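Positions are given from 1, in the same order as the sequence printed here. Values in this document were obtained by computation on a predicted structure and should not be read as measured data.
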Amino acid sequence: MRYRDLGTTGLSVSVLGFGASTLGNVFGKVGASSGERAVRHSVDRGINLFDVSPYYGITQAEQRA
């Protein structure tokens, strides 16, 4: 995985991010265990940038990611 600096924060983020709207059931029901497996799979492959919003399932995506 490639990473880039996040401005001047001293943090490096993966160039590939995980769009977590599906974890908030935006496009249909996703079970908690399926969401957890998807997040773990992503982290295991080096993804550390997760796009979450309180609007994705009324904070459900944030809780799962």
Next item on the list: Mind running side-chain contact (heavy atoms from CB on, under 4.5 Å) on Arg37 and Ser34 for me, showing each step along the way?
Entry: CA-CA 5 Å; Arg37 282 194 313 271; Ser34 295; 3.4 Å; yes
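The two residues Ala61 and Gly24 make their nearest non-hydrogen contact at CB-N, 3.8 Å. Of all non-hydrogen atoms in Thr9 and Leu6, the two that sit nearest each other are OG1-O, 2.7 Å. When every heavy atom of Ser14 is checked against every heavy atom of Gly46, the shortest pair comes out as CB-O, 3.7 Å.
In this structure, OG on Ser12 lies 11.5 Å from CZ on Arg4, to the nearest 0.5 angstrom.
Side-chain contact between Val39 and Leu23 is present, with at least one heavy-atom pair separated by less than 4.5 Å. Taking 4.5 Å as the limit, some side-chain heavy atom of Tyr3 sits within range of a side-chain heavy atom of Asn48. Contact check for Thr22 versus Arg64: no side-chain heavy atoms found under the 4.5 Å cut-off.
Under the 4.5 Å side-chain heavy-atom criterion for ILVMFWY residues, a single connected hydrophobic cluster contains both Phe50 and Met1. Phe18 and Val43 fall within a single hydrophobic cluster, where Ile, Leu, Val, Met, Phe, Trp and Tyr side chains are chained together by heavy-atom contacts under 4.5 Å.
For the residue pair Arg45 / His41, a side-chain donor-acceptor distance below 3.5 Å is found, with atom types taken as modelled.
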